[in-house]
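Here's the structure, in structure tokens; my notes come after.
This is a predicted model, so every value here is computed, not measured. As the structure lists them, so they are numbered: ligands from 1, and atoms in each ligand from 1.
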Amino acid sequence: MKKVVQLRPKDSAKAHENEGGAPPDGKREKAPRAVVVLGATGSIGRSTADVIKGADGVFTVAAVAGGRDAQALARIARELGAPFAALADPAGYQDLKIALAGSGVEAAAGPQAVVEAALREADIVVGAISGAAGVAPTYAALKAGRTVALANKECLVCAGPAFMKQAQASGTRLLPVDSEHNAVFQAMGEADLDAVEMITLTASGGPFRGWSAERIAAATPEQALAHPNWSMGPKITIDCASLMNKGLEVIEAHYIFGVEPERLDVLVHPQSVVHGLVAFADGSVSAGLAAPDMKVPIAHCLAFPARLRTQARRLDLAAVGQLTFERPDFARFPALRVALDALRAGRGLPTVLNAANEIAVEAFLNRRIAFNEIASLVEAACDAALGDGVAREPETVAEALDIDRAVRERVRSSLPGEAAAS
Ligand code: NAD
Ligand code: MG
């Protein structure tokens with residue numbers, strides 16, 4: 001597998017030297033850092049808003065974008081004092097306009113408006129859209145030279161090679177908001193990648209950790225949506241229950257850190273306190289710890305390389321008491337194996353996997369397929385794409401989105417109640 005761009009704190013810190021930093025306590029020496037929030041009405045978007053408001057003048061918000069909820073987007077635009085609000089759903093334009101009447105916030109709607117939000121003048125763009133819907137606007141921000149704080153892991157799973165190439169070409173940074181990658185990024189320190197033996201991402205194990213395969217197979221959306229440690233959007237919550245999320249994250253780590261699959265590992269750690277570990281060639285291991293609160297990695301990325309003082313949850317190890325670790329069980333959680341196989345196989349299979357999984361998760365949430373069919377549908381889509389040449393390494397975002405579209409169509413047409421694919 002090809003090596004891509006390596007992201008390490010020292011490179012990024014250097015690249016930030018001439019930018020307006022965001023020092024702790026709001027003691028600003030320079031202009032506030034301008035932020036765009038893509039996916040502002042979601043779980044990460046709202047946590048980002050909390051961090052921004054709590055930092056008291058350290059940040060300004062240049063634009064916000066959301067999917068379909070015009071009222072929620074208008075509320076967050078007013079709350080953050082954003083001059084521009086973009087809704088992806090064109091049908092919501094009038095609602096958004098009405099909800100923003102008298103606020104002075106400019107309203108726009110449609111996919112192009114979201115790209116326009118991504119391109120508003122800013123120092124940092126938070127990529128917090130869910131799914132491959134985030135690829136085009138997030139990529140536009142990267143291409144325009146913005147620092148991107150990336151929560152939207154599907155961008156890298158769908159179009160990792162193009163994202164990393166573009167980051168390198170435009171001299172921009174992708175800062176990892178995903179808690180495990182953020183922990184690894186911090187734990188990596190000044191080390192050379194050659195000195196890294198293993199990067200380990202932890203998984204909480206989700207709500208079905210102690211369940212039998214039979215019980216998991218028949219799990220309902222309500223059961224799968226009841227995550228023990230994190231409160232997140234529906235798609236990622238289902239991915240956590242199947243452990244597909246950890247598979248997507250290993251793929252994300254492969255691209256963002258430029259590490260081959262053999263040096264990426266997963267451990268189940270139900271307390272969600274140790275988020276990522278880096279084992280070095282001399283036997284040392286550094287770990288990133290924090291309470292399970294996304295405001296921690298969001299604040300780290302927004303202020304990087306400085307540190308903010310936040311109201312995020314504090315870690316109390318004595319109260320946690322015990323930290324436990326176990327190997328993931330691929331038999332009960334086949335989605336993780338399917339994702340790791342896709343990464344090792346390459347040839348665009350991560351793109352296929354991501355698209356198939358989005359359709360499968362949607363179908364499960366709509367009660368059209370059983371929980372255990374998520375992994376089998378995704379695996380079948382990977383096999384089919386290898387068989388007929390749909391799977392190929394996407395060099396550009398356009399190629400990745402072509403594969404994404406073809407796979408979505410095929411998986412949709414294979415769902416129960418749909419006409420068979422021709
Ligand atoms: P969410 O469903 O709560 O929010 C998604 C946001 O994207 C919403 O604001 C929605 O309106 C918006 N959106 C959807 N389609 C859009 C489009 N086409 N254009 C613009 N906006 C659109 O999801 P979330 O839990 O906040 O997760 C967001 C991303 O962050 C996902 O990729 C997820 O995997 C990742 N992530 C989330 C967490 C978490 O704790 N929630 C942790 C790590 C990574
Ligand atoms: Mg994560």
Minimum-distance protein heavy atom relative to [atom]:
atom	result
atom 33 (C) of ligand 1	Ile236 CD1, 3.8 Å
atom 38 (C) of ligand 1	Ile44 CD1, 3.4 Å
atom 10 (C) of ligand 1	Gly67 N, 3.7 Å
atom 2 (O) of ligand 1	Gly233 CA, 3.7 Å
atom 21 (N) of ligand 1	Gly66 C, 3.2 Å
atom 34 (O) of ligand 1	Lys153 CE, 3.2 Å

Judging by distance only, is a nitrogen or oxygen of [X] under 3.5 angstrom from one on ligand 1?
X	value
Met294	no
Ala65	no
Trp230	no
Ser43	yes

Determine, considering heavy atoms only, which of [options] sits nearest to [atom].
atom	options	result
atom 17 (C) of ligand 1	Ala88, Ala40, Gly110	Ala88
atom 7 (O) of ligand 1	Thr237, Ile129, Val37	Ile129
atom 40 (O) of ligand 1	Met232, Glu249, Glu252, Arg68	Met232

[X] neighbourhood, listing ligand 1 atoms whose heavy-atom distance to it stays under 4.0 Å:
X	answer
Asp178	43 (C), 44 (C)
Ala133	18 (N)
Ala151	30 (O), 32 (O), 35 (C), 36 (N), 44 (C)
Gly42	1 (P), 3 (O), 4 (O), 8 (C), 9 (O), 26 (O)
Gly39	6 (C), 7 (O), 9 (O), 12 (C)
Thr41	8 (C), 9 (O), 10 (C), 11 (O)

Do [Y] and [X] meet the salt-bridge criterion of a basic N to acidic O distance under 4.0 Å?
X	Y	result
Arg392	Glu399	no
Asp50	Arg46	no
Arg412	Glu409	no
Glu180	Lys153	no

Heavy-atom donor-acceptor pair, [X] side chain to [Y] backbone, under 3.5 Å:
X	Y	value
His275	Ala290	yes
Asp178	His181	no
Ser43	Ser231	yes
Thr202	Val274	yes
Arg408	Glu358	no

Given that the side chain starts at C-beta and the backbone is N, CA, C, O, which of these parts of [X] lies under 4.0 Å from ligand 1, counting heavy atoms, or is it both or neither?
X	answer
Ala128	backbone
Asn152	both
Glu154	side chain

Give every donor-acceptor pair under 3.5 Å between a side-chain atom in residues 65-77 and any protein atom, sequence neighbours left out.
unit_1 : atom_1 : unit_2 : atom_2 : d
Asp69  : OD1    : Gln71  : N      : 3.3
Asp69  : OD1    : Ala72  : N      : 3.0

Item to check | Name of the residue among Leu142, Val125, Leu156, Val177 meeting side chain to side chain contact (heavy atoms under 4.5 Å, CB included) with Leu150 | outcome: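 It is Leu156; the other options fail the test.
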Checklist entry - At the Mg ion (ligand 2), what is the angle formed between atom OE2 of Glu249 and atom OE1 of Glu180, rounded to the nearest 10°? => result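 That angle is 100°.
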Item to check | Cation-aromatic face contact Arg120/Phe84, 6.0 Å, 45 degrees | outcome: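 Arg120 over Phe84 ring: yes.
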Item to check | Name of whichever N/O/S atom of Asp178 is nearest to the Mg ion (ligand 2) | outcome: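 Going by distance to the Mg ion (ligand 2), the closest N, O or S atom in Asp178 is OD1.
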Item to check | Non-hydrogen atoms of His254 and Val259 that approach each other most closely | outcome: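 Shortest heavy-atom separation between His254 and Val259 comes out as ND1-O, 2.8 Å.
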Next on the checklist: Quick check on the 6.0 Å ring-centre criterion: do His300 and Phe304 meet it?
Outcome noted: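 Yes; Phe304 has its ring centre under 6.0 Å from that of His300.
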